[in-house]
Protein chains: 4
Amino acid sequence: MPKLGMEPIRRAALVKATIDEIGQAGSLDVTVSRIARRAGVSAALAHHYFGGKEDLFLAAMRHILTLFGAGVRAGLREAETPRARLEAVIRASFQAEQFRGHVVSAWLNFYVAAQTVPEAQRLLRIYQRRLRSNLMHDLRPLVGARAGPVADMLAALIDGLYIRAALGPEARDPAASAQKVVDMADLLIGEVT
Amino acid sequence: MPKLGMEPIRRAALVKATIDEIGQAGSLDVTVSRIARRAGVSAALAHHYFGGKEDLFLAAMRHILTLFGAGVRAGLREAETPRARLEAVIRASFQAEQFRGHVVSAWLNFYVAAQTVPEAQRLLRIYQRRLRSNLMHDLRPLVGARAGPVADMLAALIDGLYIRAALGPEARDPAASAQKVVDMADLLIGEVT
Amino acid sequence: MPKLGMEPIRRAALVKATIDEIGQAGSLDVTVSRIARRAGVSAALAHHYFGGKEDLFLAAMRHILTLFGAGVRAGLREAETPRARLEAVIRASFQAEQFRGHVVSAWLNFYVAAQTVPEAQRLLRIYQRRLRSNLMHDLRPLVGARAGPVADMLAALIDGLYIRAALGPEARDPAASAQKVVDMADLLIGEVT
Amino acid sequence: MPKLGMEPIRRAALVKATIDEIGQAGSLDVTVSRIARRAGVSAALAHHYFGGKEDLFLAAMRHILTLFGAGVRAGLREAETPRARLEAVIRASFQAEQFRGHVVSAWLNFYVAAQTVPEAQRLLRIYQRRLRSNLMHDLRPLVGARAGPVADMLAALIDGLYIRAALGPEARDPAASAQKVVDMADLLIGEVT
DNA sequence: AATGAATGAGGATTCATTCAT
DNA sequence: GATGAATGAATCCTCATTCAT
């Protein structure tokens, strides 16, 4: 007896299952069947709702981006000075939710996908642009014209720490990684030009 | 027309073909057949010499690591002061050979493989340890006890710039990326504690 | 045009096709594709339902064992005295269904498989134990303590005649073979100790 | 530095390696490469001397038959009365060399091959005819016209015990099996008609 | 809304066999 | 006499995807 209004529930379950499955496998070598089984539905239904494997992956990616965006906004809500806001933006990149296990693994794989799948690339670009714009917005009052290079530096540092976190159990310490970036930010801000 | 002593030639050709193919595909989703065809041999021969797909990938990874190591040594040969050596180590990570196209893409994918394949993880660890040890060796005379954290910072920065380079055509400028890291190094060295 | 409840139908068809194909080939060198084609389905479906080639073989073996067991029970139903039951057990081994063509060939090959595949060995052991226990149950009233050795002798004779039947067109006369064993049984029963 | 007169040595080594390999594998699923490696030569050489895999198998079979024939003749040399000769023929089928391990396994597989390969069938027929003729030659003085059926019975029994021996570690007792056949022979001889 | 049934396409891998040296 | 080099053909198996129910 099929029920009405199942669509959003199924979609959400499938997206979550996709992220989890990728996280567990450590790669995009994941079958639709397994994802579907994990979500408690048939593989056919996954296709019914998402059209194909790739779309499922992209939906998962979008979901992660959405969560990330929400995290940033939440962090900013409590910050008032530029310095505080900057720190909030940085720490948002290292929220527990975003910075570990399944999600980091998913990110790493999305990086790879971005080389091939245009839509994946588009999404990554959005993320990068948004991060850069967030950083610059608060760096400008602090470092003026140097906001651009400094933002690039911090962004690269954030991504670099991502990789390290994805590769081994050591250093899987979000807070410490965040602190490193914050320290670096302070150093760059204090630098005389 | 079989000739003797072909083994090393074939192995080298297959390793090169593997790196190129991964680079072109942008992912590890590459068939042995295609690699073999690119190397001008049959898929069966690839198996004959390497045992399987995974071993072929690992051989490619080892090859990249070897080239990287050679590049570092070459750079160090001409450097004399700690500062010069440090810069040489950093620039080695951004040699033309290592820092672009196929190779960066291959690296990115090996990162992913390292989550799953133990031998890949082992190789990555070797790379990371070697990089860190190289950096620290020359940082110690310059920053003393802060060598550890500083090395970590620089290493993360290097990796972060890798990712950026792998993701889009923009910023594929090895020299510029290297310079960013060098500048950062100088900044960290000059920092009073 | 997929219909529901096809699984048992397909499984049965595939098992039958397996036995026929082995019988025709005269060996286990049979491809899944051929079996599937004979059953009127794709090779992929065979894998879907059975998991693999080996499982398909084992299912075929189990099927033959089941038929054999049913034949024995049917024969025993009409026998009343120990002597009559003994004859029924013997003749069951030489039922038309069990003692010729595809099935004998399949048996011969399963013997070979039993050297390698544990589950095949297990099934063969079950068959042997069951045959021996059937023979002994009715021999005990007739020959007392000699039931064990006599049962072994008769069982070996049955198997030996199997081989002969599998090897050439000559002597493919189930009834005659059965009669030989029955005569031998009578001789052994009559023997004074 | 190739040596002269290697051919018979290589052939013998390859035949032995074939039998051993089949025995170890428990089936005919044996690669030429493995056989060659076991014999200490290249796979190409095996083809050079035997033309192909099948011929190698047949040569192995012929070798076993030759050994068997020699064993029978050796046994007969010391026997004088028909009864003694009969026992010698029977025991020859259960010589240690013939009745265990590699060889039994090889036999079992040759039975299977005989269903498909004409030359294998021909060889098996020769063996069977020879065994029957040996048995009958000595049975005639003992049981007269019943020699034919009795020989068939004994031959089937011998084959039946072969199978049992090939299938499990239990009952791998050549002497005991031989004794069973001899006892049966005596029983049949003593039987009044 | 949901799924069991079914398949085509493709990929890794194995192996007997050939050939030039 | 002997082998390394090389391959074509075959086989098992996996998987995304489709379709009727």
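Just so we're on the same page: letters track the sequence lines, and every chain starts at 1.
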Return the value, rounded to whole Å, for the distance between atom [atom1] of [X] and atom [atom2] of [N].
X	N	atom1	atom2	value
Arg37(C)	dA6(E)	CZ	P	18 Å
Leu56(A)	dC15(F)	CG	C1'	14 Å
His47(D)	dT7(F)	NE2	P	18 Å

Side-chain N,O (His48(A)) to OP1/OP2 (dA2(E)) below 4.0 Å: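 Checking dA2(E) against His48(A), no side-chain N or O comes under 4.0 Å of OP1 or OP2.
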OP1 or OP2 of dA1(E) under 4.0 Å from side-chain N/O of Arg10(A):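 No, no such contact exists.
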dT21(F) pairs with, by Watson-Crick or G-U criteria that keep both distances under 3.5 Å: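 dT21(F) is paired, partner dA2(E).
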Contact nearer the 5' end of DNA chain E, comparing Lys53(D) with Val41(A):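 In this pair, the answer is Val41(A).
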Parallel, tilted or perpendicular: rings of Trp107(B) and Phe110(B) (30°, 60°):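 Ring orientation of Phe110(B) relative to Trp107(B): perpendicular.
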Taking every non-hydrogen atom, the tightest pair across Gly26(D) and Gln115(C):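 Heavy atoms of Gly26(D) and Gln115(C) come nearest at O-OE1, 2.5 Å.
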Candidate nucleotides dA6(F), dT3(F), dA16(F), ranked by approach to the side chain of Leu45(B) - the nearest: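 Nearest nucleotide to the side chain: dA6(F).
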Touch class at under 4.0 angstrom, heavy-atom based, for Ser42(C) against every strand present: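 Base, at least one base atom sits under 4.0 Å.
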Touch class at under 4.0 angstrom, heavy-atom based, for Tyr49(A) against every strand present: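 Sugar-phosphate, backbone atoms only, no base.
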Candidates Ile35(C), Val15(C), Val32(C), Leu58(C) - the one meeting side chain to side chain contact (heavy atoms under 4.5 Å, CB included) with Phe50(C):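 Answer after filtering Ile35(C), Val15(C), Val32(C), Leu58(C): Val15(C).
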